[in-house]
Every structure is written in C-alpha cells, then in structure tokens.
2 protein chains.
Amino acid sequence: MNMNDSLEEAIEVLQQLGLKEYEARCFVGLSRLHTGTAKRLSEMAEVPRTRVYDAIRVLEAQGLVEIQHSSPQQFRAVPLDEATETLRDQYEGRVERLHDALDTVEMVEQDDETPVQQVWAMSGQDAIKNRTDQLIEDASEEVVLVIGDESLLTEDLVSSLNDVGNGVDLLIGALTESLQDQIKTAVPDATTFISGLEWLQGEDATENETAIGRLLLIDRSTILVSSLMPDTKDEQAIFGEGFGNGLVVIARRLMAQGLLTVRDPK
Amino acid sequence: MNMNDSLEEAIEVLQQLGLKEYEARCFVGLSRLHTGTAKRLSEMAEVPRTRVYDAIRVLEAQGLVEIQHSSPQQFRAVPLDEATETLRDQYEGRVERLHDALDTVEMVEQDDETPVQQVWAMSGQDAIKNRTDQLIEDASEEVVLVIGDESLLTEDLVSSLNDVGNGVDLLIGALTESLQDQIKTAVPDATTFISGLEWLQGEDATENETAIGRLLLIDRSTILVSSLMPDTKDEQAIFGEGFGNGLVVIARRLMAQGLLTVRDPK
DNA sequence: TTGAATAGTCACCCGTTTAATCACAAAAAG
DNA sequence: CTTTTTGTGATTAAACGGGTGACTATTCAA
C-alpha cells in the first residue's frame, strides 16, 4: 500500500473511532511531524489554521496529543503505541460500562406465543463468528460444520471446537484440500471431509455472486448458514433453532445429498 | 444505581460507541424485550414507530440484532455477551488498522531548534497512565513515584514497576498508610515512604479543588506531575524532559523539602 | 519604535445529518 | 368489507460539522 493511502486510511479509521475529520487530520499530521506549530500543522494536515486549535484541544482532552503552552504553542502527538493503548483503554471501558448497565436490567415479561417458525437473519463477520463460537460451545451431541473460506477459520473458532464436551461428535468439512489439512492439524479430534455440497454452490452461483461462508448444524436441531460477498467480505447469515423449524428442511436436503452420510462410515 | 439510570447509561454509552440515539434506544429496548415487533419496540424505546425500521437495519448490519423476515417482522437483540464481544472485535480491528497505517508512515524531516524549555501538558486518565508506565519502563537509574490516589495504582503500573532493570532504584511514596501497605506488598523491591509533600497539598488546596494525582521523577531528568479533579476524576498532567528543563526546578524543590532525602538513609 | 508577519480567538455561513412528523399503500385482523 | 396494523417514503426543522473571514494580541525585524 502506498504511503498516502496509509494516511487516508488512518484518517478514516480515526473517524470511525469517533474523531471528527479535522481532529483525525491533525492527529495524523502531528504523527509525522514530531512537533509542530499550528501553522505548520495546518499546511501539512490541510486543516484551516484557525480550526487547528479546536481540534487539538479535543485531541488533548482524549490524551492523544500534548500541548506546550508557550508562545507560539507547540503540539505533538503521543507516541503511537501509547495512543493506540489509550484508545483501547477508552473502548474497553465503554464496553464494560455497557455490559454492566445492561446486565442489571434485562427482560420485561412477555406474552409468549412462540410461532415455531423461527428463522432469524443476522449480518457482520464479527457477529456471525461470535454466534458460531457460542453455538459450538453449547453443543451437546453433534457439531457439523462446513467452512467455505480460509479466513473464517479463526483462533476462537478452533478453540471452541477443541473445547466441546467428550460425547460430542465433530464433523468438519472444507471446500479445498489445503483447508482440510489446516483443519486436521488444528482440530485433531474432528472427522474431516471435503465437498459434499457442490450442488449448493452450483445452484447459487447462477443467481448471484455470493459464495458459501459457513454451514453449521448443532445437535440436528439448530442451524446456521452464511454467505460471503466475495469482494466486500461482507457476511450474512440465517439462523434457526428447534426441530419443527423450516430451516431443518435444508438440513434434510443436505443429508439426502450425502453430506452427512460421511459420518456413518467413520 | 437505579434501573432507569442504567438504561440511560446504556443508551449514552452506545452513542459514545458510535450509534445514533434511535439505534441506541432500540437496542436497549430490545435487550429487555427478548423479542418484539416494531410497534412494541417503538413504545418501549420511545422511538417513533416509522423510524424503528431504519434503526434496526443499521443494528442488524453491525451484528447487534437479528431480524425475522416474517409479517410482521420480529426483532431481537443478540445476547449481551455476544454483543459486547462483537463491539470489542470491531474496535480491536480498527485500532489495529490505525496502528498499521500510521506505522508505515511516521516522520517527515524537521528543522530542529529544540528550545530546551520543554513543558508539555496532557489530559486523560488513560493517557497519563500509559505515559507513566512507559516512562517507568524506560528508566535506567532511578524512579521516584508518589501516588496520590488509590485508583491510580493499576495492574499495569505494578507490573511496570516490577519490571524495571536491576540497577534502577525504586522510591515510592503514598499519601496514606493503607496505600503504602498496598504498595509494599505489590512492589517488594521498592523503598516506600509516606508524605513528604504536605507543603504541596497545602499550597494548592487554597487556590482550587484539585488534588495531587501522580508525581513521577525518572533518572532525575524527566518529570511528570498530575492533578486530579476530585469529583469528575478528570486528570491533567504536565510533563518535562531534559536536565535544563524548568520543571526540574520543582524536582529541586522537592529534594530541598526532604522528599528525596528519604533515599539516602536507606 | 514602527511596521509586517504570525498567533490565537470569535463569529458567521452553509451543506449535511438526524431527530421528528406526515402521507400513503400493502397487508392482517375482525 | 371495514378497520387496524405494518412498512416505505417524502418532508420539515433543528443540530452539527466543515469552511471562511474579521479582528486583536503577540512576536519579530527593520
């Protein structure tokens, strides 16, 4: 990646982390300046000089820059490692506060008429990863997992797989041999296999550009299927639980197609 | 804390984490509803019904809620642990990307005329903590530290103190006996003492409400002094390096006042 | 000392975002 | 066949953020 792109990337990420554009620009500007006045910073970061002062004040309050109160004032960025650590601390604190606040509250009564046909949709690689890990942890009998992309075989996933109870069968499939090898060494207890769902790929590929992401079946009663946008890495999943669930139809189809039969000749 | 306050707190924190007000309200609303339609959620969360849909879409894209595409649609929040973990992952990723981006860039040349009189100001408890830890790690001869408030004795600080090189003297002071005891057990290698800066407290207390936070002197050439707003827990520090520094005057005053003489009779 | 340049603070403008409401068509429910 | 409910879209008003210029104080160099 080009250096100017790195600068742009840094600015963008800082904004995602909650900074305004000027604040972000000033911070990356200072990061390559070691120390500077408002004027120099204004030129380097392409921020109107008169606005540098506001931006710096905010950054200082967040612990990202230091100010020398001389005349003229000098600014400098906190060392990178310190800055990232500070940001981490900030967010860790917020997430913790959120967790505490919500977990003293949860749940108002409900007039439950569970409509049995529960199929839920969710998005986001992180969220689906976490749900996958959680489901595997809670498995009591059998885990069937098909992984469609190398990037989905994360550390957390591996440790979840290795931590399942003793009586739980592990059946893991991959789309390529190299991926299967990785799985074999990472999760020795699992029975692995390749393919078994070419039909699924074929059927899908005609319609749109989505690739199969994950396919997870827990205790034959809970299922999660995700697809992966090849370019954007965006992941979307559907998720269902309960035997009577409509999604189990998919599971049956899979079994009929011979995917699950791999298990018996084991 | 009251439960309604918890709700408010959660909403506020979610906004700090980047959500809009409606999104935040909808999420905490769903968090206590287990599952709900737009109408119920609208009443519970005090969000206009017609706007619930937009908010939910954003939340779904972030992996914080699941949608059941039935009619009417049903929404539900991801379990709290999964949600916080997802948020964590999100921010960890961003901070990492920031670090990588800035790492490849740093430093444009500089016409250095170091004005020797460097006194820098910084704010924020996290940032000052990180700076403190860093300075202690880099110490080569002597660390003099005075801690003004119990909350400042963090794990990171303790491990930094215990990790200093062999030839480095550790001199740690506290304002109260109980704090001194904590330090003794946490950092056995240190020489501890109490007080030695009543004069500083006195002088300050007349003017404003700030209490002394940290006081750190590294190798007799780098110094950091912080004050703590008693109510807001807001911390502000000044920081200087180099022998010729004006701040060293303060260090001399401290020595003259007998603070540092504790070291000699050791 | 004086004039020019620099430093710093304010106040203002304008486009975008976002909270908030309304109008309307499709779909359920009675 | 009404009457709610549900979902989408357009619209308004206020808040926010980016962008610019006026103005004063300070510094520096004639």
Side-chain angles (χ1 to χ4, degrees), chain A residues 7-8 11-30 33 35-62 65-76 111 113 115-117 119-121, chain B residues 8 11-12 14-30 33 35-62 65-76 111 113 115-117 119-121:
Chain A
L7 292 181
E8 290 305 316
I11 293 173
E12 207 181 302
V13 174
L14 280 168
Q15 284 180 274
Q16 291 173 357
L17 288 168
L19 296 191
K20 307 304 171 198
E21 186 186 327
Y22 285 171
E23 294 155 18
R25 300 190 88 85
C26 281
F27 182 76
V28 310
L30 275 185
L33 216 48
T35 177
T37 67
K39 184 179 174 68
R40 275 200 70 186
L41 181 56
S42 149
E43 293 156 359
M44 161 128 298
E46 296 182 347
V47 170
R49 187 185 60 85
T50 58
R51 280 322 189 71
V52 167
Y53 301 96
D54 312 68
I56 291 288
R57 260 189 282 274
V58 175
L59 289 171
E60 199 263 359
Q62 301 220 3
V65 311
E66 301 165 68
I67 300 179
Q68 185 172 19
H69 291 289
S70 51
S71 182
Q73 299 184 299
Q74 297 268 115
F75 312 123
R76 74 175 182 193
D111 31 51
E113 351 125 2
V116 274
Q117 187 69 2
V119 180
W120 298 92
Chain B
E8 290 305 318
I11 293 173
E12 207 180 302
L14 280 168
Q15 286 182 274
Q16 291 173 357
L17 288 169
L19 297 190
K20 307 302 170 198
E21 186 186 327
Y22 285 171
E23 294 155 18
R25 301 191 88 86
C26 281
F27 182 77
V28 311
L30 275 185
L33 217 45
T35 177
T37 67
K39 185 179 172 68
R40 274 198 74 186
L41 181 55
S42 147
E43 293 156 357
M44 163 127 296
E46 296 182 347
V47 171
R49 187 186 61 83
T50 58
R51 304 273 86 209
V52 167
Y53 300 96
D54 311 67
I56 292 288
R57 261 188 281 274
V58 176
L59 289 171
E60 200 263 0
Q62 302 221 358
V65 312
E66 300 164 68
I67 300 180
Q68 185 172 17
H69 292 288
S70 52
S71 180
Q73 303 184 294
Q74 297 267 116
F75 311 124
R76 75 175 181 192
D111 30 51
E113 352 126 358
V116 275
Q117 186 69 2
V119 180
W120 297 91

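Proteins come first, then strands; the chains are lettered A, B, ... in the order of their sequence lines, and each starts at number 1.
Taking 3.5 Å as the limit, the base of D:dG19 and the side chain of A:T50 contain no donor-acceptor pair of atoms between them.
Spacing between atom CD of B:Q73 and atom P of D:dT5 amounts to 18 Å, rounded to whole angstrom units. The NE2 atom of B:H69 sits 15 Å away from the C1' atom of D:dT6 (whole-angstrom rounding). What separates CD1 of B:I56 from P of D:dG7 is a distance of 11 Å, to the nearest Å. The NZ atom of B:K39 sits 9 Å away from the C1' atom of D:dT4 (whole-angstrom rounding). Atom CG of B:D54 and atom P of D:dT6 are 16 Å apart (whole Å). In this structure, CZ of A:R49 is placed 12 Å from C1' of D:dA25, rounded to the nearest angstrom. The nearest whole Å value for the distance from the OH atom in B:Y22 to the P atom in D:dA14 is 14 Å. D:dG7 atom P lies 9 Å from atom CD of B:Q74, rounded to whole Å.
Residues B:C26 and B:L41 approach most closely at O-CD1, 3.7 Å, considering heavy atoms.
Panel note: side chain A:S42, backbone A:V47; a donor-acceptor pair is recorded below 3.5 Å.
Environment of CD in A:E12: sparse, with no more than 12 heavy atoms of neighbouring residues, nucleotides or ligands closer than 6.0 Å.
Nucleotides of DNA chain C with any atom under 4.0 Å from a heavy atom of chain B span, from 5' to 3', C:dT18 to C:dA28.
Interatomic distance, CZ of B:R57 versus CD1 of B:I67, reported as 7.5 Å (0.5 Å rounding). Taking CD from B:Q73 and CZ from B:F75, the interatomic distance works out to 4.5 Å, rounded to the nearest 0.5 Å. Rounded to the nearest 0.5 angstrom, A:Q62 CD and A:L17 CG are separated by 9.5 Å.
The side chain to side chain contact (heavy atoms under 4.5 Å, CB included) test with A:R25 is passed by exactly one of A:M44, A:K20, A:E46, A:Q15: A:E46.
Counting non-hydrogen atoms under 4.0 angstrom, A:R57 reaches the backbone sugars and phosphates but no base. A:P72 comes within 4.0 angstrom of sugar-phosphate atoms only, judged by non-hydrogen atoms across all strands, and of no base.
Nearest-nucleotide assignment on DNA chain D puts the 5′-proximal partner with B:T37, out of B:T37 and A:E21.
Phosphate contact (OP1/OP2 of D:dG7, side-chain N/O of B:Y53, threshold under 4.0 Å): present.
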